[in-house]
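Just the heavy atoms: all of them, side chains too, but no hydrogens, waters or symmetry mates, feed the values below. Naming convention: chains lettered A, B, ... in sequence-line order (proteins, then strands); numbering from 1 in each chain. Just so we're clear, the structure is a prediction, and the values are computed from it rather than from any experiment.
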Number of protein chains: 2
Amino acid sequence: MALSKLPAAAMEQTMRLLGTGPAADLAIRQAAWVARCVGRGEAAPLGRADVDALAATLRTRTYERGAVLFRGGDAADGVWIVQRGRVELSVGAGRRRSVVYVLQPGDVDGDIQHLLDMPLTYTARALDEVTVLSLDAAAFEKLLAEHPQIARRWLSSVAQRLATSQSRIVGLLGRSLTEQVARLLLDEAVDGEVPLPQRTLAAMLGVQRPSLNKILKEFERAGLIEVRYAAIGLRDPAKLLTTAG
Amino acid sequence: MALSKLPAAAMEQTMRLLGTGPAADLAIRQAAWVARCVGRGEAAPLGRADVDALAATLRTRTYERGAVLFRGGDAADGVWIVQRGRVELSVGAGRRRSVVYVLQPGDVDGDIQHLLDMPLTYTARALDEVTVLSLDAAAFEKLLAEHPQIARRWLSSVAQRLATSQSRIVGLLGRSLTEQVARLLLDEAVDGEVPLPQRTLAAMLGVQRPSLNKILKEFERAGLIEVRYAAIGLRDPAKLLTTAG
DNA sequence: CGAAGTGTGTCACCTCGCTGACACTCGACG
DNA sequence: CGTCGAGTGTCAGCGAGGTGACACACTTCG
């Protein structure tokens, strides 16, 4: 899922670059933004035709905080990109709940399930008020077939997610919880802050909240972080990085 | 990395299907096999031209048991596919060694690093005598650019690996070691056998060998498996599956 | 303002898996 | 056929992290 955690500013910038006056269509700007999300374009720049093709097929949907976008076991409903807000992907419930990933603006999901023709294996829940751009399955397939540049980019995007996923596995194997927590905080930070409750962070590591809390308080005493309500501020990212190993 | 764990028989079959008499080139048969490895072709069947293009660029290399194919930090030397034998991908050394993956015949690697222009993050070591087919970076890029069907297939292949990687993360989070071991054995079994020493299996789960050994002996007492020298035989896969949760 | 819901801090107890060690067994190879 | 390296079986002690519980703080919304 993780792809590029573009700050909102990047979107604005992209929009400005592409905006050609009042007539510039919102859909085209959205499509250009999606193109940026789906892999960086060094190897495969998109042409105007590619962006237009994307724009023609995008739909916008909005969910309120706490809403469930889909549940594990559902068939994938095309491909979607988070434009605003965060979406939590989790497996299991109650005490056994594990958070597979937290999608940030710019992250893409649903493509894997479509490509492999498999059901969704996790449940998606909006952590904030969320806007997603979506693309139905047929349109996605058509895009890939008719726009080689888009297919090439999508390949980079999926490859990027695979690399992230593998480095997460390495992070989980044989590391102490302290190292894992330091790494998680660095990975999830946006503008020096991790705006997630401890319960969610604990579920991302597959540990219990008290265990996480203990480590967080140690970090706070050492001046590495600042524990706030439903959020954590990073005070010394460099030192946190050395702690992560 | 895991893609399709094709038994040797599948390769033979593919070769037979494509063999057009004594003149059939070995390289073309190899290329057809690679094409099967890289995603199943429902959505994007390969044409004759695609297979020929693959064949033109393949090189064969052989490594003996224990040889190091590359070390973490090296630049990716193109894309390669395991044709025969197994290759262990690991991070760290000594007590901290973790096994990221064990490549089986048919598995592909090196493409991700090339696509993202990143160095290899793990060390590859031959577990048996190994033959790999390899493809240099320029040829790979050319293939993707000029053969949309291959690009489409490669996308499925990477997507498949991402799905595998994610399900491994779910397996690691919040599961008891017993469940993890059961799942690992099922995932790694080839013809009802897991031909790996306990030390390697332990490194795949990021645990110590005595911990793994204890669970294995419990499974053996329960009649689920049979512990052999540097190998484990599955006696009751169905029951093992229920143990995996 | 005040209640309800959600998040945080902390504790005592207990289990699971790590540590380091040692004896034994298997298989390859000279 | 004997030797050596690699793999396996097992143990006692220890520490990290899970469990369940409870008090308190923050926020939100009526």
Side-chain angles (χ1 to χ4, degrees), chain A residues 64-66 88 92 94-99 125-129 172-182 184-185 193-222 225-233 243 245, chain B residues 64-66 88 92 94-99 125-129 172-182 184-185 193-222 225-233 243 245:
Chain A
E64 27 182 78
R65 180 191 172 116
E88 172 201 274
R95 207 174 315 281
R96 302 284 282 182
R97 192 179 73 116
S98 295
V99 173
R125 191 173 281 107
L127 290 178
D128 314 298
E129 194 177 323
L172 287 169
L173 291 178
R175 306 252 171 203
S176 73
L177 187 51
T178 305
E179 291 168 320
Q180 290 184 44
V181 171
L184 178 67
L185 292 176
E193 198 187 54
V194 182
L196 295 167
Q198 294 179 15
R199 175 158 65 135
T200 300
L201 292 172
M204 294 177 77
L205 295 175
V207 302
Q208 294 309 115
R209 194 182 57 78
S211 310
L212 176 70
N213 182 262
K214 192 177 149 205
I215 311 258
L216 289 177
K217 296 314 278 184
E218 281 168 15
F219 283 176
E220 189 170 43
R221 271 190 290 277
I225 62 173
E226 181 188 354
V227 178
R228 289 201 285 273
Y229 187 79
I232 291 167
T243 308
Chain B
E64 24 182 80
R65 179 190 172 117
E88 173 201 274
R95 207 176 312 282
R96 302 285 283 182
R97 193 179 71 115
S98 294
V99 174
R125 192 173 279 108
L127 290 178
D128 314 298
E129 193 178 323
L172 287 170
L173 292 178
R175 306 254 170 199
S176 72
L177 187 51
T178 305
E179 291 169 321
Q180 290 185 42
V181 172
L184 178 68
L185 292 175
E193 198 188 53
V194 181
L196 294 168
Q198 294 178 16
R199 176 159 64 135
T200 300
L201 292 172
M204 294 177 77
L205 296 175
V207 303
Q208 296 309 115
R209 193 183 56 78
S211 310
L212 176 69
N213 182 262
K214 191 176 149 205
I215 310 258
L216 289 177
K217 298 314 278 184
E218 281 167 13
F219 283 177
E220 189 170 42
R221 272 190 288 278
I225 62 174
E226 180 187 357
V227 178
R228 290 200 285 271
Y229 186 78
I232 291 166
T243 308

Set of residues satisfying side-chain hydrogen bond (donor to acceptor under 3.5 Å, both in side chains) with respect to Q198(B), sequence neighbours excluded: N213(B)

Terminal contacting nucleotides, 5' and 3', DNA chain D versus chain A (heavy atom, 4.0 Å): dG17(D) to dT27(D)

Which residues share a side chain to side chain contact (heavy atoms under 4.5 Å, CB included) with T243(B), sequence neighbours left out: T178(B), A182(B), F219(B), L224(B)

Separation between CG of L177(A) and CG of L205(A), rounded to the nearest 0.5 Å: 6.5 Å

Contact letters for nucleotides 6-21 of chain C, in which S counts primed atoms plus P, OP1 and OP2 and B counts the base, heavy atoms under 4.0 Å: BSBBBB-----SBBB-

Qualifying salt bridge (charged side-chain N to carboxylate O under 4.0 Å, His left out) pairs, either residue in residues 193-216 of chain B, two or more places apart: E193(B)-R228(B)

Interatomic distance, E129(A) atom CD to E64(A) atom CD [nearest 0.5 angstrom]: 7.5 Å

Gap between atom CD1 of I215(B) and atom CG of L201(B) - 0.5 Å precision: 12.5 Å

Spacing of I232(A) atom CD1 and L196(A) atom CG [to the nearest 0.5 Å]: 8.5 Å

Global bending angle along the helix from dC1(C)-dG30(D) to dG30(C)-dC1(D), which compares the axes of five pairs at either end, to 10 degrees: 40°

E88(B)/R125(B) ion pair, N-O < 4.0 Å: yes

From E179(B) atom CD to L184(B) atom CG, the distance as rounded to the nearest 0.5 Å: 13.5 Å

Heavy-atom donor-acceptor pair, E220(B) side chain to V227(B) backbone, under 3.5 Å: yes

